[in-house]
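Okay, so here's the structure we're looking at.
Every chain is numbered from 1 and lettered A, B, ... according to where its sequence line falls, protein lines coming before strand lines.
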Amino acid sequence: MSAPTTTPATATPSTKPVRQLGDRIFAGSATGAGVLILIVLAGVAVFLIAQAIPAFTASPAELPGGKSLTAYIGPLVFGTLLSALIALVIATPLAVCVALFITHYAPRRLAQGLGYVVDLLAAVPSIVYGLWGVAVLAPASLPFMTWLQDYLGWIPLFAGPVSATGRTMLVVGVTLAVMILPIITAVSREVFLQTPKLHEEAALALGATRWEMIRMAVLPFGRSGIISGAMLGLGRALGETMAVAIILSGSGIITFNLISSSNPSSIAANIALQFPDSTGVAVNTLIASGLVLFVITLLVNSIARWIINRRREFSGAN
Amino acid sequence: MSKAVHAKDLNIYYGSFLAVEGVNIEIKPKTVTALIGPSGCGKSTFLRSINRMHEVIPGARVEGSLTLDGKELYGAGVDPVGVRRQIGMVFQRPNPFPTMSIYENVIAGQKLNNKRAGKKATDELVERSLRGANLWSEVKDRLDKPGSGLSGGQQQRLCIARAIAVQPDVLLMDEPCSALDPISTLAIEDLINELKTDYTIVIVTHNMQQAARVSDFTGFFTIEGTGKPGHLVEMDETKTIFSQPKQKATEDYVSGRFG
């Protein structure tokens, strides 16, 4: 009876499969790089939490503004999310249209030129966009904002009164939209170009017009790419410092009024503006707001991943 | 429903390159016509010119006359989109839309036609089309699953179901079995035999046994050499082509003495 129990042991020799040295080195360095990025991320998180704790434990009177931590960071979070949201709502549809034009409508030579221009725009530093926003867009948009107040003033977003300088939340949102447009366009364009010819032809052979073909084959295929691009853009808009700092003079209020002169600032802009003059607990408070931004970005990315994964089996990757 | 295709002195170009020259062919309704010939001889190009898919490639164009029941397909004011809705196509590699379920794949063409049908009528259409493609019993319990989860042969039959769901006048097949195993191939060939009672079918194939098995008529395309245009050597009843062809080139090809 002992034979059956011993046979499997001899049948499965315990030698490991041979692995080439080059393969081992590559596997090791790739794992190392992966671990390193996790360590850096953990280090940042530890730093933020450690430095933010004094702000959490301090009494409200010690904090800048003299009220509670939530009262200080709340409007900043609101301003950050609102400006990024405006930017995303404006930029994403526009970017998808530009990418579709480049990949499916423009003549080949024009498409190539446009592609380069878009990539170039993505490389322009954000301070330049900020300057453009404050020097050109803000004054130029005054008549438009007045029009919004006159005709759409019943919507709380455009209640006014219109800021005399034009430096409003709406202008920030538009500036950020222009800033993130190239990133979303570039990512979407790459994905649209990857659409299998096979699927485009399947749609065309069924008698689809070009627009129907795009809706049937290109957009569903590029969906996860569009979301990834939008998240990259959103990340940039959330963390944008200079453009917001230059245009807005934040006043720590929460309002959906996009065209008035009193606006909430954003977390990043607030840190940049306040940090040089801060000491003690004020520094900790700023870092605490940075921690909040860190968490928001993580959340946004997780939600995007979740959206992409939800329809994974329909993604065309299998 | 099923219509005749008639080509007269048809020249097909890619830009300035003449790919296929002087095709004269008559395809009768409710028959299966196989197009055979060596690689690069232009049989697929000719097939794609029938439903105007050829011109999807930039610079591609056609000269001569191609009619569907007497109506010029390349006439002025003829919308290629309309032509493709009348003439369905099945491709070499199965290409169900990966982002759609099996059900949505079948009604994709119906949706394009903007025919608003009730849920019941649509369900019936899906069942009829899938039954028509001999796929119903295999997928009826998972219509909401993605089409890309099926096997290659099932995917190809799904594509056929998608093509016949819009009830085209003609069904074009571009090497529909070349990516499939023998059993799936047999399933498709049986299906072609059933479909010809309703449709005019034109099939391009590299497999001469397949042409002999499924088709009523066979056209043989060949090419003199690289850079020369392909042309139709002869077209006749399949048994004639495979037993006593008129042209020496055809005989050499079907008997395996090509070159």
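Here the closest heavy-atom approach between residue Ala203(A) and residue Leu112(B) is recorded as O-CD1, 4.3 Å. Here the shortest heavy-atom pairing between Leu206(A) and Gly109(B) reads CD1-N, 4.0 Å. Taking each heavy atom of Ala202(A) and Asn95(B) in turn, the nearest pair found is CB-ND2, 3.2 Å. Nearest heavy atom pair, residue Pro220(A) against residue Thr99(B), reads CB-OG1, 3.1 Å.
Residue Val81(B) touches chain A through both its backbone and its side chain, counting heavy-atom pairs closer than 4.5 Å. For chain A, no part of Leu172(B) is nearby; none of its heavy atoms comes within less than 4.5 Å. Only the side chain of Pro58(B) comes within less than 4.5 Å of a heavy atom of chain A; its backbone N, CA, C and O stay farther away. For Arg52(B), no part sits under 4.5 Å from any heavy atom of chain A, backbone or side chain. The contact between Glu201(A) and chain B is made by backbone and side chain atoms together, counting heavy-atom distances below 4.5 Å.
Ranked by heavy-atom pairs under 4.5 Å with chain A, the list Met89(B), Met53(B), Arg93(B) is led by Met53(B).
Here the straight-line distance linking atom CZ of Arg84(B) with atom CG of Leu204(A) works out to 5.5 Å at 0.5 Å rounding.
In Tyr13(B), the OH atom is crowded: over 12 heavy atoms of neighbouring residues, nucleotides or ligands sit closer than 6.0 Å. Enclosure of atom CD1 in Ile37(A) is not indicated, since only 12 or fewer non-hydrogen atoms of other residues, nucleotides or ligands lie within 6.0 angstrom. For Phe26(A), the CZ atom sits in a loose shell: 12 or fewer heavy atoms of surrounding residues, nucleotides or ligands are nearer than 6.0 Å. Within 6.0 Å of atom CG in Leu38(A), more than 12 heavy atoms from other residues, nucleotides or ligands are found, so the atom counts as buried in its surroundings. In Phe256(A), the CZ atom is not crowded: 12 or fewer heavy atoms of neighbouring residues, nucleotides or ligands sit closer than 6.0 Å.
Contact check for His199(A) versus Pro98(B): side-chain heavy atoms found under the 4.5 Å cut-off. Lys111(B) places none of its side-chain heavy atoms less than 4.5 Å from the side chain of Arg215(A). Val56(B) has its side chain out of reach of Glu200(A): every pair of non-hydrogen atoms, C-beta onward, lies at least 4.5 Å apart.
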